[in-house]
Amino acid sequence: TAIKEKTLDDVLGDLEIVLLESDVAFEVVQKIQARVREELKGKKIKWGEEASAAIEHALRSYIRTELSLKPIDLEKSLAAGPKPYTILFLGVNGSGKTTSLAKLAHRLSKQGHGVVIAAADTFRAGAIEQLEVHGERLGIRVVRQKEGADPAAVAFDAVQHASKRHSDVVLIDTAGRQHTNENLIEEAKKIRRVVHPSLTLFVGDALSGNDMVEQAKLFNKELGFDGVILTKLDADVKGGAALSVASVVHKPILFVGLGQGYDDLKPFDIDWMLARIFA
Amino acid sequence: GKSLRSILAKIAKSSTIDAALVDEVVKDLQRALLQADVNVQLALDLTKRVRTRAMEGKIPTGANLRDYLVRVIYEEICAILGTTKPYAIKPKRIMLVGLFGQGKTTTAGKLARYYQKKGVHTTLVAADIHRPAAVDQLEQLSKKVHAGFYAHRGELRAEVIAREGRASAPQGDTILLDTAGRSAIDPDLIAEIKRCKQAFEPEEVLLVLDAAMGQLAGRSAAAFHEAVGLTGVILTKLDGSAKGGGALSAVAQSGAPILFVGTGEHMDELEHFETTRFVSRLLG
Ligand SMILES: Nc1nc2c(ncn2[C@@H]2O[C@H](COP(=O)(O)OP(=O)(O)OP(=O)(O)O)[C@@H](O)[C@H]2O)c(=O)[nH]1
Ligand SMILES: Nc1nc2c(ncn2[C@@H]2O[C@H](COP(=O)(O)OP(=O)(O)OP(=O)(O)O)[C@@H](O)[C@H]2O)c(=O)[nH]1
Ligand SMILES: [Mg+2]
Ligand SMILES: [Mg+2]
């Protein structure tokens, strides 16, 4: 017997609640519902265990597809890319850009790369000092200018410095910005124009709910990014934000942040994410 | 006998509820609440209550059904948020707590400016011993708003800094204690915030909450409330696109009112919380 429309509705209703409570954005949940419904429409499945398995399978395969976007092999890109390879970090206020940059700097330098950091958040109180502490602890050079300097100039300065010293990676920290702030979006556009980053990463906060979708869409539309770092997944959250962002901009998640220490940056793993959402 | 006029008048007065229309409007309200990050269970409860009130048929004649239902949900939300009481400006000890990156340190600076503008001198105490350059960040803000500042670089016990800061601040100052971002379920960090509270004896404990926070808002507010007792909530980053629906649960779980909202990164971008504005923005 095919799964009855009414029973499927009830099950999808329960599923909707679970996904919403896991911080999957509303519009993404609707997409998932539609796809699972489509997948199961008229299928010859017995209600009960078989139906439950079919629904879980449809759900898992959809999520897997959304999250399995062409992954970026950072090591390969570094080897094949320009020298120095420049990575630009963008995101809204407090999402974890500076901390993620420090973690990635640590990881890359452990892997034998010469890393230079550009302190291009020239606005926020203590932003440059925050990076200088990281630089000191990691033994990595931080290129900075004075507070209020042009962020694009600092980024450019760092790239020049790296070229001279034959450092192969430059990580560029930027100020937090709301995607709704046109001036700050223009500022970020200027940084991109001046530096032509080899890789642009959007740093998203896994504590966020539906706004993640707005942020990701606008940052991608206005600035464009190649991949995502999702932070604070060590907090008491399921991490549905991963699904939200992947599903609206179709960009791969490179790393997840799992704490405030330098080793708390893990390459994104789909099975790990699925296990978390289905836990 | 009945006049045609009286029959027509009777028909005009009656308003049978169109269940399909109610369901349609309720579904819209649900979507608005969920997209605004209101806690899922709370959103479902709210819309259930709205539907019940609608089906009870107490719609005033002539009222558009949609407008009526919106007004009903508006009243339900206001009931959760409580009435806005005027904020008392006098010297007090205020402790700021919250998750990572919510805007505590920035808000500390804004509150200092707010108090100074109202004629109460303020001292900012830097008790975040975890985050790199957190002390520098708060010190720079204190200079910007011309407030007093206390730090004890090298002291690794936050509660010692809290106690020293309280003792060193001039008599009659408002003292603002900035603490490190923390998970509400980390036993060590919760123990630290409890020790800070014991040492500082704040008259106000304010939860700083990012308007973009998702479903964790209610749970974490409940945990902070249980640990240190919240007396107020400050909702930040409302200058973005986030609606701040998580604040409803934060209030519901702690009984603490939303006192202020942050509307930007500058020290003057702090406003008194206004229920009407918040709710109409929440409902889109
Ligand atoms: N628990 C946890 N905390 C994190 C993680 N990533 C960042 N944080 C914390 O989040 C807070 C903000 O981090 P920052 O790196 O300063 O964020 P940012 O995006 O650079 O902030 P702005 O530059 O002010 O926009 C700090 O307290 C970090 O320690 C993570 O993966 N897990
Ligand atoms: N747009 C906007 N940004 C804000 C607002 N409040 C704070 N911020 C920014 O949010 C980021 C984080 O602010 P912080 O004050 O460092 O946050 P915090 O809670 O002290 O962070 P931790 O101490 O690491 O937990 C900074 O970039 C602030 O400028 C606001 O109302 N609007
Ligand atoms: Mg930063
Ligand atoms: Mg802080």
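Computed from heavy atoms alone, side chains included, the values below leave out hydrogens, waters and symmetry copies. Each chain gets a letter, A, B and so on, in the order the sequences are listed, and its residues count up from 1.
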(request) Below 4.5 Å from any heavy atom of chain B, which atoms of Glu147(A) appear? Answer side chain, backbone, both or neither. (result) side chain
(request) Give, for atom CG of Leu216(B) and atom NZ of Lys238(A), the distance between the pair rounded to the nearest 0.5 Å. (result) 12.5 Å
(message) Using the side chain to side chain contact (heavy atoms under 4.5 Å, CB included) definition, which of the options Glu132(A), Glu136(A), Arg137(A) pairs with Pro132(B)?
(response) Arg137(A)
(message) Just verifying a value: how many Å separate Lys232(A) NZ and Leu99(B) CG, rounded to the nearest 0.5 Å?
(response) 8.5 Å
(request) Report, as yes or no, whether the 6.0 Å neighbourhood of atom CD on Glu226(B) holds more than 12 heavy atoms from other residues, nucleotides or ligands. (result) no
(request) Quick one: pull up CZ in Phe100(B) and CG in Asp205(A) and give me the separation to the nearest 0.5 Å. (result) 10.0 Å
(message) Using modelled atom types and a 3.5 Å cut-off, is there a donor and acceptor pairing between side-chain atoms of Asn210(A) and backbone atoms of Leu34(B)?
(response) yes
(request) Considering only heavy atoms, give the residues of residues 134-142 of chain B separated from chain A by less than 4.5 Å, sorted numerically, with 'none' for an empty result. (result) Asp136(B), Gln137(B), Gln140(B), Leu141(B)
(message) Counting only non-hydrogen atoms closer than 4.5 Å, does Leu184(A) touch chain B with its backbone (N, CA, C, O), its side chain (CB onward), both, or neither?
(response) side chain
(message) Atom NZ of residue position Lys189(A) - does it have more than 12 heavy atoms of other residues, nucleotides or ligands inside 6.0 Å?
(response) yes
(message) I'd like to know if the side chain of Asp23(A) reaches the main chain of Gln215(B), judged simply by a donor and an acceptor atom lying under 3.5 Å from each other, with no hydrogens or angles considered.
(response) yes
(request) Under 4.5 Å, counting heavy-atom pairs only, tell me which of Gly245(B), Ala217(B), Ser241(B), Ser220(B) racks up the most with chain A. (result) Ser241(B)
(request) Please step through side-chain contact (heavy atoms from CB on, under 4.5 Å) for the pair Ile17(A) and Gln41(B), ending with a clear verdict. (result) CA-CA 9 Å; Ile17(A) 291 179; Gln41(B) 286 307 324; 4.1 Å; yes
(message) With a 3.5 Å distance limit and no angle check, can you tell me whether Arg31(B) reaches the backbone of Phe26(A) through a side-chain donor-acceptor pair?
(response) no
(message) I'd like to know whether CZ of Arg219(B) has more than 12 heavy-atom contacts from other residues, nucleotides or ligands below 6.0 angstrom.
(response) yes
(message) If you define the side chain from C-beta out and look only at heavy atoms, does anything of Ser208(A) sit under 4.5 Å from Met213(B)?
(response) no
(message) Report which part of Glu214(A) has an atom under 4.5 Å of a heavy atom belonging to chain B: side chain, backbone, both, or neither.
(response) side chain
(message) If I measure from the heavy atoms of chain B, does Arg177(A) come under 4.5 Å with its side chain, its backbone, both, or neither?
(response) neither
(message) More than 12 heavy atoms of other residues, nucleotides or ligands under 6.0 Å from CZ of Arg277(B): yes or no?
(response) no
(request) Please name the pair of heavy atoms, one in Gly126(A) and one in Ala133(B), separated by the smallest distance, quoted to 0.1 Å. (result) O-CB, 4.0 Å
(message) Less than 4.5 Å to any heavy atom of chain B: does that hold for the side chain of Gln260(A), its backbone, both, or neither?
(response) side chain
(request) Starting from the C-alpha separation in whole Å, work towards a yes-or-no answer on side-chain contact (heavy atoms from CB on, under 4.5 Å) for Lys243(B) and Asp211(A). (result) CA-CA 8 Å; Lys243(B) 304 276 170 50; Asp211(A) 201 51; over 6 Å; no
(request) Would you tell me whether Asn93(A) and Glu265(B) have side-chain atoms, one donor and one acceptor, within less than 3.5 Å of each other? (result) yes
(request) Report the option among Asp239(B), Ile185(B), Val40(B), Asn39(B) that has the most heavy-atom pairs separated by less than 4.5 Å from atoms of chain A. (result) Val40(B)
(request) Heavy atoms only: give me the nearest Ala212(B)-Gln215(A) pair and the separation to one decimal. (result) CB-NE2, 4.5 Å
(message) Can you tell me which of Thr180(A), Val237(A), Asp236(A), Ile128(A) forms the most heavy-atom pairs within a distance under 4.5 Å of chain B?
(response) Asp236(A)
